[in-house]
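Notes to accompany the following structure.
Below, all heavy atoms of this structure are taken into account, side chains as well, without hydrogens, waters or symmetry copies.
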Amino acid sequence: AIDNDDWSIENARENVERNRCIHIRVEKGDHPGGSCSFDIILANINRNIIVEQFPTLVERMRSNGSLVLSGLLVEDENEISQLGEQYALRKINCNTKGNWISIRFDR
């Protein structure tokens, strides 16, 4: 788990401990480092950061992985959906709550 906000880091660590999630490491940073790949990637950040980090997020997905994006506005859906298509991802769903959306892509 990566975040650049100290409070969010502390909160995430508390939740990891409370839920006994022994395989989750929480780090402070601006982007995913290393070369690990993941079954599921969750990114709750704004459109600009998602667009900037999209190649890295896709690179880190395993061959049958899922990418779940949130922190997006309704008007971001077309751009993010097109980006998913460019990387040969399959859009599984888009959930809307008010002006906010989350989108799930699978490989």
Side-chain angles (χ1 to χ4, degrees):
I2 300 168
D3 206 304
N4 65 359
D5 177 76
D6 289 328
W7 180 87
S8 297
I9 293 290
E10 181 181 333
N11 185 260
R13 286 182 176 148
E14 289 172 3
N15 284 315
V16 165
E17 184 178 325
R18 182 176 293 133
N19 291 291
R20 297 180 192 95
C21 299
I22 60 173
H23 298 292
I24 296 177
R25 187 176 70 228
V26 180
E27 298 179 1
K28 185 171 182 177
D30 291 328
H31 63 282
S35 60
C36 296
S37 60
F38 304 94
D39 294 321
I40 301 170
I41 297 175
L42 308 172
N44 181 32
I45 46 182
N46 69 52
R47 183 193 61 82
N48 293 336
I49 303 298
I50 287 175
V51 169
E52 176 186 314
Q53 294 293 324
F54 207 88
T56 301
L57 296 171
V58 172
E59 180 181 298
R60 300 299 169 81
M61 291 174 69
R62 291 199 173 132
S63 61
N64 59 347
S66 295
L67 174 61
V68 180
L69 306 172
S70 61
L72 298 165
L73 297 171
V74 170
E75 57 262 26
D76 299 329
E77 181 178 359
N78 286 337
E79 179 180 6
I80 300 301
S81 294
Q82 289 175 1
L83 198 53
E85 288 177 18
Q86 289 175 7
Y87 285 87
L89 299 179
R90 193 174 65 244
K91 183 176 166 184
I92 300 302
N93 62 18
C94 179
N95 295 310
T96 304
K97 185 173 184 177
N99 284 338
W100 297 100
I101 62 169
S102 66
I103 303 175
R104 176 182 164 190
F105 295 101
D106 283 356
R107 268 212 174 164

Smallest separation among heavy atoms of [X] and [Y], with atom names:
| X | Y | value |
| --- | --- | --- |
| L83 | V51 | CD2-CA, 4.0 Å |
| G65 | M61 | O-CE, 3.3 Å |
| S81 | I103 | OG-CD1, 4.4 Å |
| V74 | G98 | CG2-O, 3.9 Å |

Residue pairs fulfilling ring pair (Phe, Tyr, Trp, His ring centres under 6.0 Å) with at least one residue in [range], sequence neighbours excluded:
| range | answer |
| --- | --- |
| residues 2-28 | none |
| residues 44-103 | F54-Y87 |
| residues 55-79 | none |

Rounded to the nearest 0.5 Å, how far does [atom2] of [Y] lie from [atom1] of [X]?
| X | Y | atom1 | atom2 | result |
| --- | --- | --- | --- | --- |
| L69 | I50 | CG | CD1 | 4.5 Å |
| R104 | C94 | CZ | SG | 13.0 Å |
| R107 | R62 | CZ | CZ | 11.5 Å |
| K91 | I80 | NZ | CD1 | 10.5 Å |
| Q53 | I45 | CD | CD1 | 6.5 Å |

Connected hydrophobic set around [X], excluding itself, where side chains approach under 4.5 Å:
| X | result |
| --- | --- |
| I24 | I9, V16, V26 |
| L42 | I40, V68 |
| I22 | none |

Legend entry - Electrostatic pair K28:D3 at N-O distance under 4.0 angstrom: no
Going by the rule side chain to side chain donor-acceptor pair (under 3.5 Å), which residues pair with [X] if we only count those two or more places apart in sequence or in a different chain?
| X | result |
| --- | --- |
| N64 | none |
| E79 | R47 |
| E52 | none |
| N44 | S70 |

Legend entry - Pairs where residues 8-17 contributes a residue and the test salt bridge (charged side-chain N to carboxylate O under 4.0 Å, His left out) is met, not counting sequence neighbours: none
Legend entry - Donor-acceptor contact below 3.5 Å, side chain D76 vs main chain L72: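 Pair absent, no side-chain N/O of D76 close to backbone of L72.
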Legend entry - ring pair (Phe, Tyr, Trp, His ring centres under 6.0 Å) involving F38 - partner list, sequence neighbours excluded: none
Legend entry - Note, V58 side chain near L89 side chain (heavy atom, < 4.5 Å): yes
